[in-house]
Q: 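Before anything else, here's the structure in question.
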Amino acid sequence: MHDTVKSFQIREIVCIVCPNGCRIRCAQTPDGLQCSGQKCKRGVDYAAAELTHPMRSLTTSVKTAFPDSPVVSVRTDGEIEKAKLIDVAKALGQVIVEHRVKIGDIIAKDICGTGVNIICTSDRLMHP
Amino acid sequence: MMQEQIFDVTVIGAGPAGLAAALAADHAGAKTLLIEREARLGGILKQCIHDGFGLVRYKEKLSGPEYAERFIEQLPQSGVVTWTLSFVSQIKRDGTDSILIVITREGMKQVRTRSLILATGCRERTSRQIGVHGRHCAGVFTAGTAQYYTNILGKLPTKRCVILGSGDIGLIMARRLTLEGAEVVGVYEAKPTPSGLTRNVSQCLWDFEIPLHTSKTVTRLFGDARLAAVEIASVDACMCPIAGTEEIIPCDALILSVGLIPENELAESIGVPIDAKTKGAVVDEHNETLLRGVFSCGNALHVNDLVDYVSESGEIAGKAAASRSNCARGLVPVECDNSLLYIVPQRICRNAEKQDRLFFFRSARDMDNATLTITKGGNTLYAKKFAHLRPPEMERLPIRLTPEQLVGNEPLRFHLEDSEHA
């Protein structure tokens with residue numbers, strides 16, 4: 001049994017779903033993905049995604065036209081491919097917010113063709 | 001003669017702890033004043049634009065400003081009086097009342113309050129406190145300062161930097177600066193293990209292939225007006241640099257994430273006893289200090305790793321401050337040996353109505369299959385097993401303790417036992 005497990009590649013993944021940060025040992029076996037070390041089912045889902053198509057949410061800031069708050073914080077309203085994080089951050093470097101937006105307002109739609117919107121995460125422009 | 005304004009509860013600091021404390025005190029019917037020195041409410045959350053806040057409390061992954069807004073938006077409907085751009089310059093005691101001198105934009109004000117809640121947060125350790133020597137040039141920032149420049153002022157403070165210390169803000173800033181186009185050469189940690197949460201090491205460093213070097217530190221700075229390079233050396237088990245291991249790394253900034261210290265200048269000015277382990281006030285389970293009518297909460301009490309627990313700590317203080325009495329508390333000391341970094345609260349009220357008590361602790365080192373025991377005068381009151389304990393990851397422990405268990409003046413002793421040592 002030990003040898004069978006050994007012959008499959010084992011990867012340790014740190015789950016980032018919650019603050020527990022479970023270290024999940026994953027092995028791809030003929031019976032599918034075997035996981036151990038996670039405290040809940042969300043860990044299995046995270047590990048499965050992590051091994052095939054890692055997804056992340058992105059938080060960053062964009063420039064504004066207002067001197068009282070030269071930048072305002074934003075985030076993706078869903079997850080994007082991990083590999084696209086830098087590209088999306090670069091694209092957002094070109095954005096300038098010209099209205100006094102509030103939390104939840106859409107700053108950019110379908111950013112870089114990911115199907116995910118960029119939304120504002122701060123009310124600082126509402127209270128100059 | 002200044003006119004004195006009178007409140008039941010006054011909260012100093014409108015970060016996550018202070019906001020929660022003020023709202024809880026107001027909810028419990030107290031006439032509440034919230035004092036904030038900055039123009040905006042929210043404390044450090046304003047600049048923490050990364051997500052992960054509120055996972056425990058709201059089951060949502062909020063950014064810092066979004067989390068703060070959940071509390072700030074409740075203020076207009078509450079009875080809380082809020083003073084921003086106001087600074088408490090002096091506290092005097094009159095019996096168990098506190099008298100505050102507050103500098104505001106309208107001038108100096110005097111406040112008399114029945115209960116005082118200190119929600120003053122914490123400060124970052126600086127280069128002077130960790131003994132980084134060499135040129136005093138520009139380009140040495142704490143991680144929080146780099147975060148302020150980047151996220152509030154919109155100015156990138158570096159093009160190529162070295163991060164010293166692997167605290168959570170340092171890890172968060174490694175990712176943040178990378179996303180903004182700066183090069184993070186590496187994160188260097190003098191200890192053999194990272195100081196931040198495991199999930200932050202994973203999502204902030206590994207995701208961006210930023211190297212983490214443990215058992216290494218910065219030993220010298222080079223540069224004239226601006227930092228030009230740092231010298232890195234390996235350290236031995238005693239954290240002393242090892243000769244011959246030095247390397248020079250060109251960079252324009254050194255960013256420090258080398259620890260946080262509770263801010264207790266005001267607390268100390270009125271003689272609130274401080275715990276040498278937490279660097280915060282000694283409190284009972286209601287977060288009341290040994291000075292009657294003075295409460296402490298949030299990162300001023302002990303440095304937390306989750307804001308959700310900071311808010312909870314504020315709520316405990318706010319609720320208790322609103323309904324406090326001067327009846328004898330029957331304080332039982334709570335102690336820990338060196339298997340724990342610290343335990344909070346450090347006292348338990350034998351006479352408390354509620355038998356459910358909430359403890360927070362950190363283990364002194366990484367432990368697997370550890371058993372926590374609580375004893376009093378030779379009797380074991382409680383035991384619990386933990387699969388993993390790491391000093392950076394604080395544990396929250398609700399325990400029911402009956403008045404019978406708390407009879408006698410012997411302290412409650414917390415102890416952790418490794419499976420290897422069992």
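Quick note on labels: first sequence line is chain A, next is B, and so on, each numbered from 1.
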Q: With a 4.5 angstrom heavy-atom cut-off, could you sort out which part of Cys22(A) is near chain B: side chain, backbone, both or neither?
A: neither
Q: Measure the acute angle between the ring planes of Phe361(B) and Phe386(B), then classify it against the limits of 30° and 60° as parallel, tilted or perpendicular.
A: perpendicular
Q: Flag the pair Asp207(B) and Arg56(A) as a salt bridge only when some basic side-chain nitrogen lies within less than 4.0 angstrom of an acidic carboxylate oxygen.
A: yes
Q: With only heavy atoms counted, which part of Glu180(B) is less than 4.5 Å from chain A, the side chain, the backbone, both or neither?
A: side chain
Q: Check the surroundings of atom CZ in Arg100(A): do more than 12 heavy atoms from other residues, nucleotides or ligands lie under 6.0 Å from it?
A: yes
Q: Less than 4.5 Å to any heavy atom of chain A: does that hold for the side chain of Leu179(B), its backbone, both, or neither?
A: both
Q: Is the closest side-chain donor-acceptor distance between Glu36(B) and Thr82(B) under 3.5 Å?
A: no
Q: Between Val62(A) and chain B, which part of the residue has a heavy atom less than 4.5 Å away: side chain, backbone, both or neither?
A: neither
Q: Quick check on Leu58(A) against chain B: is it the side chain, the backbone, both or neither that has a heavy atom closer than 4.5 Å?
A: side chain
Q: Any salt bridge linking Arg75(A) with Glu66(B)? Criterion: basic side-chain nitrogen under 4.0 Å from a carboxylate oxygen.
A: yes
Q: Please state whether the side chain, the backbone, both or neither of Lys82(A) comes within less than 4.5 Å of a heavy atom of chain B.
A: side chain
Q: Using non-hydrogen atoms only, which part of Arg124(A) is less than 4.5 Å away from chain B: side chain, backbone, both, or neither?
A: both
Q: For Ile103(A), is it the side chain, the backbone, both or neither that has a heavy atom under 4.5 Å from a heavy atom of chain B?
A: side chain
Q: Select one option (side chain, backbone, both, neither) describing which atoms of Thr178(B) are under 4.5 Å from chain A's heavy atoms.
A: both
Q: Below 4.0 angstrom, N of the basic side chain to O of the carboxylate: do Asp87(A) and Lys90(A) qualify?
A: no
Q: Salt bridge check: are Glu395(B) and Lys384(B) linked by an N-O gap of less than 4.0 Å?
A: no
Q: With chain B, which of Ser122(A), Ser61(A), Ser69(A) has the greatest number of heavy-atom pairs at distances under 4.5 Å?
A: Ser61(A)
Q: Around atom OH of Tyr148(B), are there more than 12 heavy atoms of other residues, nucleotides or ligands at under 6.0 Å?
A: no
Q: With only heavy atoms counted, which part of Glu69(B) is less than 4.5 Å from chain A, the side chain, the backbone, both or neither?
A: side chain
Q: Among Glu393(B), Arg176(B), Gln203(B), which residue has the highest count of heavy-atom pairs closer than 4.5 Å to chain A?
A: Arg176(B)
Q: Which one wins on heavy-atom pair count under 4.5 Å against chain A: Val201(B), Thr198(B), Asp305(B)?
A: Thr198(B)
Q: Tell me, for Ile152(B) versus chain A, whether the close heavy atoms (under 4.5 Å) come from the side chain, the backbone, both or neither.
A: both
Q: Inspect the surroundings of CD in Gln77(B) and state if more than 12 heavy atoms from other residues, nucleotides or ligands are less than 6.0 Å away.
A: yes
